[in-house]
Amino acid sequence: MPGDSLIYRLDPRVKFLITFYFIGIVFLANNVASYAFLMVFVLFAVLVSKVNFIFFIKGLRPMFWLILFTVVLQAFFTPSNHPIWHWSFLTLSKEGLVIATYIFMRFILIIFISTLLTLTTTPIEISDSIESILKPLRVIKFPVTQVALMLSIALRFVPLLIDETTKIMDAQRARGVDFGEGGLIKRIKAFVPILIPLFVSSFSIAYDLAIAMESRGYKDGQGRSKYRVLQWSMRDNWTIVFMAGVTIILLFLRSY
Amino acid sequence: MQIEFKHVTHSYESNNPMSGLGLADVSCTINSGKFTAIVGKTGSGKSTLVRHINALLKPTSGEILVGERKITSETNNKNLKPLRKNVGMVFQFPESQLFEDTVEKDIMFGPQNFGVPEKDAKEAAQEMIDVVGLGSEYLQKSPFDLSGGQMRRVAIAGVLASDPETIILDEPTAGLDPVGRKEIMDLFKEQQKNGKTIILITHNMDDVANYADEMMVMHDSQIVASGTPKAVFNDQELLDKNYLTLPQSAIFAQKLQAKNFHFDQLPITISELTTEIKQQIHGD
């Protein structure tokens, strides 16, 4: 999503690390005050990012069933000595409801913060920052640049493969394939005429790409300069200080 | 089978206000048994137009009549097989649709989907491999062992094998060598003589001049001109607006005009051009 705000301008490495750090500290929260504090923090970050809130709600949608399933499971299967409601193996208790609410909050917090990362950071920035973060692993001969290259090529291939899939689906539909008709076996069989051509063309695209890269002088393992240079600035330092503050308040609020 | 577009509009992603318009209020008739060429720049809506004929795309508003069959925005995805059997479609780079382990099975795939018994589908494969200029020795080979040009022919055979009344061709000769190109185009002209309706999308104006009976020019999601190739290529206004380019013979004739030749109408094929030149050299 294109846009411009403080969060957009942050160094992608900071955003990437903070997102994972935040997902970690979400698990430190263990009472109403600490969860409420984290929620306020996330909403504040959303506000600062100037991204429309609707996109965050949309981000929840694919996870809806997972959230519902987990929350219901927690609510009904938490053992308790003081059940509010009881029927055969199902028990609804105050403890169960509280835990279910916490789980629900965790989902919301984690999904919101990762949506914030993906909405304000381009995939290529994310792959650049992974490369930069993994750099120390070079010491143990971990192929950092290759992994980063694989990541960015994989990202580049997503729209290409979507295009290719639509094309092949159209071609097979014109030859009388009906997707979404008949029983399960028939439906799975209908995908063979898509998957095989898709494999074949992915390989040929990959082969072409390799040739194109080689003919432009790509050689692996050489010190390469960057077209997009990541710039660490003062606001990134302040963001880290701010996160440290958030952590201290969180540690203060949680119960032991 | 006559094909008629009535005020057809198609917009991509209709819930998005920024959506691109694929077709804007297009009305036209494609006559049965004719060879109709559709030309226009990349993105002008040619492919969108033809994908409506076999309901791969449905109109946002308006309707399309394909023979007796009517396609509107409400057309259900079920029961489209009879329509798709009658409207065969050769896509750009159709070799990417091959997937079976033998050429024969791949050619039989279409007919069998449309309910043709195995024995008849096999016969159709036998017949079609000859039509596209490959021998029956190719039937048991894997399509992935063939050359690009041969794969293209197998894919075309696979579409023809369903015996469609209308054949839609979306740049079928892109990337082929000149000889292969001519063979493939002659093949489709032959199909027209057998009573089929041919619709060809192309950027090659010489193919239009040499093969088409009718042509349509698309620009910005609309049909801006239609008629016989001779009439359309002589429409000065279209050329001025840069909506289409001329076939080689017409370009040559234009250059001759600067050298005191005179043409009432620009010749569009080589034979027309040579007749005219002969007349003017010997006639004066």
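A, B, ... follow the sequence lines: proteins, then strands. Residue 1 opens every chain.
- Taking the charged nitrogens against the carboxylate oxygens, Asp101(B) and Lys105(B) do have a contact shorter than 4.0 Å, which makes a salt bridge.
- With respect to Asp170(B) and Arg51(B), a salt bridge is recorded, a charged nitrogen being found less than 4.0 Å from a carboxylate O.
- Between the side chains of Tyr8(A) and Thr121(A), not a single donor N or O lies within less than 3.5 Å of an accepting N or O.
- Within a 6.0 Å sphere centred on NZ of Lys41(B), other residues, nucleotides and ligands contribute more than 12 heavy atoms.
- Ring centers of Phe203(A) and Tyr207(A): at least 6.0 Å apart, outside the cut-off.
- For chain A, no part of Ser162(B) is nearby; none of its heavy atoms comes within less than 4.5 Å.
- For residues 138-158 of chain B, a heavy-atom distance under 4.5 Å to chain A picks out Phe144(B), Gly158(B), given by residue number.
- By a heavy-atom distance cut of under 4.5 Å, not one residue of residues 61-70 of chain B is near chain A.
- Few gaps surround CH2 on Trp232(A); more than 12 heavy atoms of other groups in view lie less than 6.0 Å from it.
- Arg13(A) and Ser129(A) form no side-chain donor-acceptor contact under 3.5 Å, judged by distance and modelled atom types alone.
- With Tyr35(A) as reference, Tyr102(A) is the one residue of Tyr102(A), Phe104(A), Phe107(A) to meet the ring-ring contact (aromatic ring centres under 6.0 Å, His included) rule.
- Remark: Ser233(A) engages Asp236(A) in a side chain to side chain donor-acceptor pair (under 3.5 Å) (not counting sequence neighbours).
- Proximity to chain B at a heavy-atom threshold of 4.5 Å picks out Lys167(A), Ile168(A), Asp170(A), Ala171(A), Gln172(A), Arg173(A), Ala174(A), Arg175(A), Gly176(A), Val177(A), Asp178(A) from residues 166-178 of chain A, in numerical order.
- With a threshold of 4.5 angstrom between heavy atoms, Gln112(B) does not approach chain A through any atom at all.
- When each of Leu200(B), Asp207(B), Thr202(B) is paired with Thr173(B), the side-chain contact (heavy atoms from CB on, under 4.5 Å) condition holds for Asp207(B) and for no other.
- Within the 6.0 Å centre-distance limit, the rings of Phe99(B) and Phe109(B) are counted as a close aromatic pair.
- When the shell of 6.0 Å around CZ of Phe199(A) is examined, it contains 12 or fewer heavy atoms from other residues, nucleotides or ligands.
- For Arg235(A) and Asp11(A), the salt-bridge test fails: no basic side-chain N is under 4.0 Å from an acidic carboxylate O.
- Ring-plane geometry between Phe242(A) and Phe44(A) is classed as tilted, the angle between the planes lying from 30 to 60 degrees on a 0 to 90 degree scale.
- Contact annotation for Leu56(B): both backbone and side-chain heavy atoms come within less than 4.5 Å of a heavy atom of chain A.
- Summarising the local packing, NZ of Lys189(B) is surrounded by more than 12 heavy atoms from other residues, nucleotides or ligands at distances under 6.0 Å.
- Contact of Lys81(B) with chain A is made through the side chain alone, with heavy-atom distances under 4.5 Å.
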